[in-house]
Amino acid sequence: MKVSLETENWGMIPYQEAWERQSRLFNEVIAARAGHVSYINRLVFCEHLPVYTLGKHGKETNMLLGKEQLKRIGAELFHIDRGGDITFHGPGQLVCYPILCLEDFHLGLKEYVSVLEEAVIGVCRSYGIEGGRVKGATGVWLDIGTSSERKICAIGVRSSHFVTMHGLALNVNTDLRYFGYIHPCGFIDKGVTSLAKETGMEIPMEEVCLRLEKELRVHLVSF
């Protein structure tokens, strides 16, 4: 049976609304599999208004601002059910939420995270940027093993009954000052960067979205 994989772009969307929508789709896939009825695997792309999200095993001390300070910078904080620690989402950052059944792609959770990383590494390479992995940390990093090691993409997923939600956040034209208010992903000694910072120019979001979708489809099918 051919596996379906559809793409949706939710545009600029508040985090709460996106969380509710992807949770509903996630639960629908789980229920469909339990009932042996058809379902759709999805790649959802979007951007968020400024928001910080703290994973279920994250440390609250990695958020350096209180409620009033968050209000002053126009950001929110959500405690969510993905892996990983704290990260920032905002305009200029491409977020992808794959809501899919890992069994359809013959993937385990560790392999799936590797697929996400490899897809982002491919996108970075298309802009002349060499990304890679850091041992013991998810995501995509630059200048690994040097004093200027920095992260360009955060990854945090949730999986239940072989179905995934949450995903990756690739800094494209992101305002990186927002990362100064947290210990990104729990690290206090590593930097954060973006495609725009690395290339010295603003990158069209639509272009990056198309490249990331292509890379994800290739790696999901070929892994």
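Evaluated for a side-chain contact (heavy atoms from CB on, under 4.5 Å) with L168, the options V95, V140, L116 yield exactly one hit, L116. Of the candidates L107, N41, D104, L107 is the only one forming a side-chain contact (heavy atoms from CB on, under 4.5 Å) with L220.
For the ring pair (Phe, Tyr, Trp, His ring centres under 6.0 Å) test, residues two or more places apart in sequence or in another chain that qualify with Y178 are F88. With sequence neighbours excluded, the residues satisfying side-chain contact (heavy atoms from CB on, under 4.5 Å) with A75 are P50, Y52, L70, I73. Here H79 pairs with L54, E60, L77 under the side-chain contact (heavy atoms from CB on, under 4.5 Å) rule; sequence neighbours left out. In this structure E117 satisfies the side chain to side chain donor-acceptor pair (under 3.5 Å) test together with R133, sequence neighbours excluded. Residues satisfying the salt bridge (Lys or Arg N to Asp or Glu O under 4.0 Å) test with E8, not counting sequence neighbours, are R42. Under the rule for a side-chain contact (heavy atoms from CB on, under 4.5 Å), the partners of Q69 that lie at least two apart in sequence or sit in another chain are L65, R72. Partners of R158 according to the side chain to side chain donor-acceptor pair (under 3.5 Å) rule, which considers only residues two or more places apart in sequence or in another chain, are D81. Qualifying side chain to side chain donor-acceptor pair (under 3.5 Å) partners for E6, counting only residues two or more places apart in sequence or in other chains: none. Under the side chain to side chain donor-acceptor pair (under 3.5 Å) criterion, R177 pairs with D175, not counting sequence neighbours.
There is a path of hydrophobic side-chain contacts, each under 4.5 Å, that joins L142 to M201.
Note that NZ of K151 is 8.0 Å distant from SG of C153, once rounded to the nearest 0.5 Å. One distance of note links OG1 of T7 with CD of E213; it measures 3.5 Å at 0.5 Å rounding.
By the neighbour-count criterion of 12 heavy atoms within 6.0 Å, atom OH of Y127 is densely surrounded, having more than that number from other residues, nucleotides or ligands.
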Under the criterion side-chain contact (heavy atoms from CB on, under 4.5 Å), I'd like the reasoning laid out for L25 against M165: C-alpha separation, chi angles, the key distance, then a yes or no. CA-CA 9 Å; L25 293 172; M165 64 180 289; over 6 Å; no
Report the C-alpha separation of T164 and V157 in whole Å, then their side-chain angles, then the decisive distance to 0.1 Å, and conclude whether the side-chain contact (heavy atoms from CB on, under 4.5 Å) test is met. CA-CA 7 Å; T164 67; V157 302; 5.5 Å; no
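You'll find the side chain of V172 stays beyond 4.5 Å of the side chain of Q93, heavy atoms only. In this structure, E47 and M205 have side chains that are in contact, with non-hydrogen atoms separated by less than 4.5 Å. Put simply, the side chain of L43 reaches to within 4.5 Å of the side chain of L216, judged on heavy atoms. Annotation: side chain of I152 is not in contact with side chain of W141 (no heavy-atom distance under 4.5 Å).
When every heavy atom of A196 is checked against every heavy atom of N173, the shortest pair comes out as CB-OD1, 3.4 Å.
For residues 26-35, the pairs satisfying side-chain hydrogen bond (donor to acceptor under 3.5 Å, both in side chains) are R33-E103, with sequence neighbours left out. A side-chain hydrogen bond (donor to acceptor under 3.5 Å, both in side chains) check over residues 195-204, counting only residues at least two apart or in different chains, returns the pairs R150-E198, T193-E198.
The aromatic rings of Y97 and Y15 stand perpendicular to each other, their planes meeting at an angle above 60°, with 30° marking the opposite boundary.
With side-chain heavy atoms closer than 4.5 Å counting as contact, directly or through intermediates, the hydrophobic cluster containing L49 also holds M12.
Salt bridge status for E215 with R211: absent, with no side-chain N to carboxylate O gap under 4.0 Å.
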